Every structure is written in C-alpha cells, then in structure tokens.
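This report concerns only the one structure given below.
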Amino acid sequence: RRVLVCESFVCPNYFKQALAMLLFKHYEVPSLFFGVSHQLCLYTLAVPTALVIDVGFKEATVLPIVEGVALVNAWQATDHAGEAFHRHLKCLLMEGGLLSEGKEVKSVQTLRGGLSDSTLEDIKVRTCFFGQHITSVQGTADHTRSEEEKEKVAMGSARPDPLPVNYPLHGGRTLVIDGHTRCRAGDVLFTADSENCSLVHSILDALTLCPIDCRKPLAENIVLSGGTCQLPGFRHRLQQELKACVKSSRYKDRLALAEFKFHPSLLPENCVAWLGGAIYGATGGLKERSIGREAFLDKEQLPDWTSCDPDVRAVDAFTPLVKKRALFKSLPAHR
C-alpha cells in the first residue's frame, strides 16, 4: 500500500531521507508521500483557508494557510506549550501542594524522587483546566489601564478559587491539589516571556505577516490541533486573550480585527492531523503527489525545495509544477 507520513512543517530533510530509505529498501513500499500536519488538518473540515494552531508538548506552531497554500513567511513557533505547562504545574505543586499519608500532612517537597513527567501529565489531564483570567490585561501597568480593564481585573481577582481535589499516589499517599493550582497552571502559555512573546503574541504576529486581505478570513477560521488544546477552557481562554491583546498598543494600529472564531473539532485535537491524513489518503491526490519506489531508487534523493541544485529540487513524481514548466519550455515561442 501507499504510505503517507504526517510530518512537522520544519521536519529536517535528513530525517525524511533516512525514513524514505528504510521504507523503500527494507519494506519495499510502492510510493511515499510526506504531508504537512497543518495542511492535513484542513481536510477534516473541507475549508481551504484557515489559521492552524498546533500546541504540542515541546512547542506551539502557527501556520496560516490560504486556499490550500501555506504562507511560509508567516510561520511562527514558541515554547509556550505542554512542557512549559508541566514546569509551571510542578512549581505550583511544590509551593502549595500537600501530601497526605494517613493522618499526617506534609509538603510535597518531602516527596522522595519528586513528581515524574508521567505523573504530571496525568495530573494535568485529570485535574487542570484554564480559568477565565486575561493575563494580557493584568500584565499592563496600572496607569495605562482603562476603567473597564481595572474592573475586569478586580472581578477576576475577587472570584473564589475552585475546590481542591485529591490525587492518589503510590503507597497509600494522597496529593492534595488546591484550586489555584488547577486553574492557574496554564497561565504560563499566555504570559509573555523576557522577549515579550507568548502563544497569543505568536498568533497575532503570524496574522500581521499575512496579506491584509487574508487577515480577517484567517482570524475567523482558526483550527486547533495538539494535545494541550484538549484541556477544558482552552478554546474560550485563548479567544479572551486574543481579543484583549489585539487592542494593546502593539497591535491596535496593525490589526483591525474584532472577531476570532474557532472551528469545532470533530474529534480530539491530538488526532485531527491523523484523520486529515486518512481523508487525503483516500483521494486521488495521494497518487499524483507521491514519489514512487523506482523514482526514488534511481537517485536515492528526496526533493528539497531549499536546495540550489535543480536535480535535488525536481524528483519525478513529486514535481507536477516542474513538469508544467518543462511543457511550456517545449512550446514554440510566441512572436
């Protein structure tokens, strides 16, 4: 059967080369196609234009796609993703978490070995969510806030924290997670770092790099992907942060956007790209854009569009555009 590989937009070419060598020589697959995960997500919704936001573990990436074409110059990436969530969650648990063992209550800092990554992941999935708190407004100075913004901050700080929950650990111990930790661990994704960058800033920066006539359609067609997007409240919190940040002095003269709309997900966000790949694999486009086994074994080289060597950029079944150019060159010149 033909093989479709769902890959990252910045997947290094040497990795694809090694994978193609393995699949073609060892498993003898008839053809191979490398599909960008951001573009494959759109096949689940049948929309040609969207702003795809992939929030994974190591990084969060933003890629605008207009009429099926990725705007490479507007691609953005930030480390405000799942790993940053884990670090912040661990810090909050070490500061305010309690460890209950029978009638004895201790601090989490006394836990031997600390909390493993798998435990933090389970705590995040089972107990954490995103609260309705606009950090982009709170991050501004008091004298620059409007009365409405001050009222929002006061109301947000006056809300009571959610109830604490008990998380069972090995050895009959119980970890008591307070409500502040549950709803504030995700604030790190929307808090600007030393370079004044966050997930929200990356999204708005990507929009500013797009053509003016494409910004509104992209802002009204946002597609979420990645496991971190599955946490309760993420979609609503992100919409709040975008509406607040777009009014800041950094963007109010560059982006005239009033609405940010999100497409509903047909399945869990961490499976969107895989479903899009399955849908695309069932179409005739896979056969046309795949590289065949014979074509690869002839040169043992995948096409690399960043290479200056035309033989490397143009590999038979991967280059319908190159074939069209060759056809036009063969035609007699118009006089």
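Not measured: the values here are computed from a predicted model. Just so it is clear, the values below take in all heavy atoms, side chains as well, and ignore hydrogens, waters and symmetry mates.
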(Q) Within a 6.0 Å radius of atom CG on Leu267, are there more than 12 heavy atoms belonging to other residues, nucleotides or ligands? (A) yes

(Q) Looking at Lys16, I want to see if its NZ is surrounded by more than 12 non-hydrogen atoms of other residues, nucleotides or ligands under 6.0 Å. (A) yes

Q) Parallel, tilted or perpendicular: which describes the rings of Phe33 and Tyr280, with under 30° parallel and over 60° perpendicular? A) tilted

Would a 4.5 Å heavy-atom cut-off, applied to side chains only, mark [X] and [Y] as touching?
X: Leu19; Y: Phe34; value: yes
X: Leu111; Y: Leu175; value: no
X: Arg237; Y: Asp187; value: yes
X: Phe9; Y: Val72; value: yes

(Q) Keeping His88 on the side-chain end and Ala185 on the backbone end, is there a donor-acceptor pair under 3.5 Å? (A) yes

Q: Taking side chain to side chain contact (heavy atoms under 4.5 Å, CB included) as the test, write out the residues that go with Arg87, two or more places apart.
A: Glu83, Ala84

Q: State which residues pass salt bridge (charged side-chain N to carboxylate O under 4.0 Å, His left out) with Arg126; sequence neighbours excluded, sorted by chain then number.
A: Asp122

(Q) I need the full list of side chain to side chain donor-acceptor pair (under 3.5 Å) pairs touching residues 62-78, with sequence neighbours left out, sorted by first then second residue. (A)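 Residue pairs with at least one partner in residues 62-78: Thr78-His80.
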
Q) Taking only residues at least two apart or on different chains, which pairs with a member in residues 37-50 satisfy side chain to side chain donor-acceptor pair (under 3.5 Å)? A) His38-Thr61

Q | Spatial distance of atom NE2 (His263) from atom CG (Leu45) [nearest 0.5 Å] | A |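 Nearest 0.5 Å value for the NE2-CG distance: 6.0 Å.
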
Q | side chain to side chain donor-acceptor pair (under 3.5 Å) partners for Asp205, two or more places apart | A |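 Expected list: Arg250, Tyr251.
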
Q | Results of side chain to side chain donor-acceptor pair (under 3.5 Å) for Ser31 - residues two or more places apart only | A |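 With sequence neighbours excluded, Ser31 shows a side chain to side chain donor-acceptor pair (under 3.5 Å) to Arg2, given in chain and number order.
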
